[in-house]
Amino acid sequence: MRRQIEGSRAVAEAVALCRPEVICAYPISPQTHIVEGLAELVKSGALTPCEFVNVESEFAAMSVAIGASAAGARAYTATASQGLLYMTEAVFNASGLGLPIVMTVANRAIGAPINIWNDQSDSMALRDAGWIQLYAETNQEAADLHVQAFRIAEELSTPVMVCMDGFVLTHAWEPVDTPTQEEVDAFLPPYEPRQVLDPDEPSSIGAMVGPEAFTEVRYLAHARLMEALDVVPDVADRFAEAFGRNSGGLTRSYRTEDAETVVVALGSVLGTLKDTVDELRADGARVGVLGLTCFRPFPADAVRAALGHARRVVVLERAFEPGVGGIVTQNIVSAAPAADVHTVVAGLGGRAITKKSLTALLRAADRLPPLTFLDLDRSLIDRELSRLAATRRSGPTAENILRDLGAVASRIG
């Protein structure tokens, strides 16, 4: 049924249709509406049998999910930003144990300074945790990816992180086609764990492994993750056949066939990029867009094929590595080492990425330096650098910049 619905609610309903048996959650913006929606469905009896576990922290949320999954239950949780970092140890444990947990990450910036708005610093910080990472462009895709995520996770016995841009998607109201319970049941088989704690067949999960076998265990985890490069597109094809719409997969190209410049990005910014490309195309510019739906495992072959004819590649990053530069860029370069690749960091902390800025950027694509920060206010940077050079006790940078902007009235003390 297609109706206007908030992104978080659409995801909550999609997750409920997957019949999770344990949902564990700790509220943190901007994912709270998702687990609130699921809590309502459990309390009302619309989602049953399912145990909704209120926990005291994000670390506890993932720990409960691990215990539930190891005991043979279909498990789900959601988090964002500092919450994801707080559960880091348990996130690594979930993948190391090969448990098919599904988790929504409502992407949000990481402090300090504190910022509740959207970028992708949180999930990028855990890109090497051994989870499959899928990034949604729209709320429709966010809902669809969760249905696919449970099937992918359980086929591979590997956890899946579905990433959707906080507020931009989670709190946006859009038309979303929600499938029926019968349709999801036909697509997603009942959960049959590959490993389970069973009193009748005692075994250890997560036992100590020494140097004599640890490399082999880690290699097999890597091999299982790499299997996703076949499973993810196969599940997307099956989803398209069952539900009549394309959603998910590894990558998605837009007007790249004859493009001289291809912009690579993840998440909701792809919509703005496509609109920008359409306008540039109308003026004769040969520009295209490559969207990465799957970032882990990294689809190197698909990326290489999509970028094969491009003269230059512009990677739009919603996070970056201080002291290095682009995170996604490094993966693009490894996949297509002959490409002329440029990093553009944009939209940090929720700053708007506008068609006006993107148009100006792409019109000058042949003159881009290796690293650009889109819409960077250089005057603020220069003032703070002058302060740092003038006195050792120059004060906290974030507060100094806010004061320069007039957002802070005066220095305390």
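Side chains included, hydrogens not; waters and symmetry mates left out as well; all remaining heavy atoms used.
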Inset, instruction - Answer with yes or no after comparing the ring centroid distance for Tyr26 and Phe59 against a 6.0 Å cut-off, counting only values under it. - result: no

Inset, instruction - May I have the step-by-step check of ring-ring contact (aromatic ring centres under 6.0 Å, His included) for Phe373 and Phe320, ending in yes or no? - result: CA-CA 10 Å; Phe373 285 79; Phe320 77 104; 5.3 Å; yes

Legend entry - Any donor-acceptor N or O pair under 3.5 Å, side chains Thr178, Arg3: yes

Inset, instruction - Salt-bridge test for Arg9 and Glu36: reply yes if a basic N is under 4.0 Å from a carboxylate O, no otherwise. - result: no

Inset, instruction - Inspect the contact between Lys274 and Asp278 and indicate whether a charged nitrogen and a carboxylate oxygen are less than 4.0 angstrom apart. - result: no

Inset, instruction - Using distance alone, with no hydrogens and no angle criterion, decide if Glu58 and Gln82 have a side-chain donor and acceptor under 3.5 Å apart. - result: no

Legend entry - Arg245/Asp177 salt bridge by N-O under 4.0 Å criterion: yes

If you look only at distance, which donor and acceptor atoms sit under 3.5 Å apart when one is on a side chain in residues 331-339 and the other is two or more places apart or in another chain?
| from | atom 1 | to | atom 2 | distance (Å) |
| --- | --- | --- | --- | --- |
| Asn331 | OD1 | Arg296 | NH1 | 3.3 |
| Asn331 | OD1 | Arg296 | NH2 | 3.4 |
| Asn331 | ND2 | Ile327 | O | 2.9 |
| Ser334 | OG | Asn331 | O | 2.7 |

Legend entry - Heavy atoms of other groups near Tyr86 OH, more than 12 under 6.0 Å: no

Inset, instruction - Salt-bridge test for Glu21 and Arg74: reply yes if a basic N is under 4.0 Å from a carboxylate O, no otherwise. - result: no

Inset, instruction - Classify the ring geometry between His171 and Phe167 as parallel (under 30°), tilted (30 to 60°) or perpendicular (over 60°). - result: tilted

Legend entry - Point-to-point distance, once rounded to the nearest 0.5 Å, from CG of Leu361 to NE2 of His342: 10.0 Å

Legend entry - Lys/Arg-Asp/Glu bridge criterion (N-O < 4.0 Å) met for Asp283, Arg363: yes

Legend entry - Heavy-atom pair with the smallest gap, counting every atom of Ala228 and Pro233: O-CD, 3.8 Å

Legend entry - Asp375 and Ser357 side chains, donor-acceptor separation under 3.5 Å: yes

Inset, instruction - Please determine if Arg19 and Asp185 form a salt bridge, counting it only when a charged side-chain N lies under 4.0 Å from a carboxylate O. - result: yes

Legend entry - Asn107 side chain vs Asn118 backbone, donor-acceptor pair below 3.5 Å: no

